[in-house]
Amino acid sequence: MTTAQPLDVQPTPLALLLLGREADPKSERGVECPGDLPSPSDPDLVARARAAKEKLGDKVFILGHHYQRDEVIEFADVTGDSFKLAKDAAAKPEAEYIVFCGVHFMAESADILTSDDQKVVLPDLAAGCSMADMATAEQVAECWDVLTEAGIAGTTVPVSYMNSSADIKAFTGKHGGTICTSSNAKKALEWAFEQGEKVLFLPDQHLGRNTAVRDMGMSLDDCVLYNPHKPNGGLTAEQLRNAKMILWRGHCSVHGRFSVDSVNDVRARIPGVNVLVHPECKHEVVAAADYVGSTEYIIKALEAAPAGSKWAIGTELNLVRRLANRFAAEDKEVVFLDKTVCFCSTMNRIDLPHLVWTLESLAEGNLVNQIQVDKETESFAKLALERMLALP
């Protein structure tokens, strides 16, 4: 009988990355966070956060996205969606530090819209966005070359969702396009079709498709899907020339989970339920829902809902749970659309330990995790954002 030899197993870079011990230079951001973080079970975390925030006073302004954990939202000076928060930051010029409890592209937008004297901080540099990562500057530049070769670049207007990197916003501004949010996507598309014949919609295919078909009366045949991982996007020049909407193959990992089965199941379980979903959901899910709208729309719809009404919400779980708790006292039943719990994993990287570490570092005079967009990128990205702000 032979003696088993010990295995010489070396952890792969991916394994180390998943364990949070290494950084991936090819990802949107690394996962390293210098300094010692307090334990999540530290009973003094709340007190420490309050003390650090009080010490900073008006020098700090904390933004909390709707999808953040309750423990983080508790310390936010304002809450909202990404664009509202970026505008809130710009309207607070006296705040030296803008602590953005959200994800990386949001902090970039805040840096673009705030003054040079303000410093935007992201508590965890690993808080990225899978959707934003699905469109890189190199991929989009290659796509534009494909459109040029097909002879349609001159009549195509890029429209980029707010959920995109500063590089993509800059590309959009440089090529005569505009940014949109889930609230004003229809207005942005109407503007774009006044400027040209076609739209390149980045990076969320579902918001682009839903807006074009559901809100503007186009057909699914008017839309084609550009896949950056295939030669020429997987499309022929004829398909590109015939299309009105060239949709980028990107999506939200949270909203993409919802299905028609989810809708049918909740209707069977809760008679009379109102199904309300975010427009980042798949087209068939949006078609099966009763109401469709942005996070702000969802909140306002529930505020206006009558007592005794029942709602199944198709968006990120932190927000749904918070709304369920808020409206329970008004006899409004709010449930998550899917049976499977679904947090946004990157949003949830911003936790109380990271926020405490950030605030205490700033209170001690140590600037950490600053998000800075280079001046050229900022200039073109701001141009695209200003076009959106000028929309009627």
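For this chain, numbers begin at 1 and follow the sequence in order.
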Tell me whether [X] at atom [atom1] has more than 12 heavy atoms from other residues, nucleotides or ligands lying less than 6.0 Å away.
X	atom1	answer
Lys244	NZ	no
Glu54	CD	no
Arg267	CZ	yes
Lys174	NZ	no
Asp374	CG	yes

[X] side chain to [Y] backbone, donor-acceptor under 3.5 Å:
X	Y	value
Lys169	Ser160	no
Asn210	Pro279	yes
Asp77	Ile62	yes
Ser165	Ala132	no
Asp351	His354	yes
Lys92	Phe61	no
Asn184	Lys187	no
Asp111	Val120	no

The single option from His283, His278, His206 that satisfies ring pair (Phe, Tyr, Trp, His ring centres under 6.0 Å) with His255 is His278
Give a yes or no on whether a salt bridge exists between [X] and [Y], defined as a side-chain N under 4.0 angstrom from a carboxylate O.
X	Y	result
Asp215	Lys186	no
Lys55	Glu364	no
Glu284	Arg209	no

For the [atom1] atom of [X] and the [atom2] atom of [Y], what is their distance to the nearest 0.5 Å?
X	Y	atom1	atom2	value
Leu389	Leu113	CG	CG	7.0 Å
Met162	Cys180	CE	SG	10.0 Å
Phe171	Gln139	CZ	CD	12.0 Å
Arg69	Arg321	CZ	CZ	9.5 Å
Thr358	Tyr97	OG1	OH	12.0 Å
Met216	Thr211	CE	OG1	8.5 Å

- prompt: With distance as the sole criterion, is a donor-acceptor pair present between the side chains of Thr79 and His66 under 3.5 Å?
  reply: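 Their side chains do not contain a donor-acceptor pair, so the 3.5 Å distance test is not met.
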For Asp265 and Ser262, test the side chains for any donor-to-acceptor distance below 3.5 angstrom and give the result as yes or no. no
Could you tell me which non-hydrogen atom of [X] sits nearest to which non-hydrogen atom of [Y], and how far apart they are?
X	Y	answer
Leu355	Cys101	CD1-SG, 4.0 Å
Gly234	Lys230	N-CB, 3.6 Å
Gly128	Val103	O-CG1, 3.1 Å
Gln239	Val224	O-CG1, 4.0 Å
Val159	Val199	CG2-CG1, 3.9 Å

Verify the cluster assignment for Val140 and Leu207: are they in a single hydrophobic cluster under the rule of side-chain heavy atoms below 4.5 Å apart? no
| query | Are Leu147 and Trp248 connected, step by step, through hydrophobic side chains (Ile, Leu, Val, Met, Phe, Trp, Tyr) whose heavy atoms are closer than 4.5 Å? | reply |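 Result: yes, single cluster for both.
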Item to complete: Could you give me the CA-CA distance, side-chain angles and deciding distance for Ile298 and Tyr291, then say whether side chain to side chain contact (heavy atoms under 4.5 Å, CB included) is met?
Response: CA-CA 9 Å; Ile298 290 170; Tyr291 304 95; over 6 Å; no
Counting C-beta onward and ignoring hydrogens, is there a side-chain heavy-atom pair between [X] and [Y] closer than 4.5 Å?
X	Y	answer
Val121	Leu367	yes
Leu202	Ser164	no
Tyr161	Ile168	no
Val320	Leu323	no

Item to check | Working for ring pair (Phe, Tyr, Trp, His ring centres under 6.0 Å), residues Phe327 and Trp311 | outcome: CA-CA 11 Å; Phe327 292 109; Trp311 297 83; 9.6 Å; no
query = So Met245 and Phe193, side chain to side chain contact (heavy atoms under 4.5 Å, CB included) or not? Walk me through it.
reply = CA-CA 10 Å; Met245 291 285 293; Phe193 280 111; 4.0 Å; yes
- Task: Tell me, with the steps shown, if Val335 and Val266 meet side chain to side chain contact (heavy atoms under 4.5 Å, CB included).
- Result: CA-CA 9 Å; Val335 301; Val266 80; 4.2 Å; yes
I'd like to know whether Ser219 forms a side chain to side chain donor-acceptor pair (under 3.5 Å) with Asp222, so could you lay out the CA-CA distance, the side-chain angles of the two residues, the decisive distance to 0.1 Å, and finally the verdict.
CA-CA 5 Å; Ser219 72; Asp222 290 324; 3.3 Å; yes
(Q) Set out, in order, the CA-CA distance, both residues' side-chain angles and the distance that settles salt bridge (charged side-chain N to carboxylate O under 4.0 Å, His left out) for Arg257 and Glu316, then state yes or no. (A) CA-CA 10 Å; Arg257 292 179 59 93; Glu316 207 272 344; over 6 Å; no
Would Arg326 and Val334 count as a side chain to side chain contact (heavy atoms under 4.5 Å, CB included) here? Give the steps. CA-CA 9 Å; Arg326 173 183 171 186; Val334 178; over 6 Å; no
*Are the aromatic rings of Phe258 and Phe336 close, with centres under 6.0 Å apart?*
yes
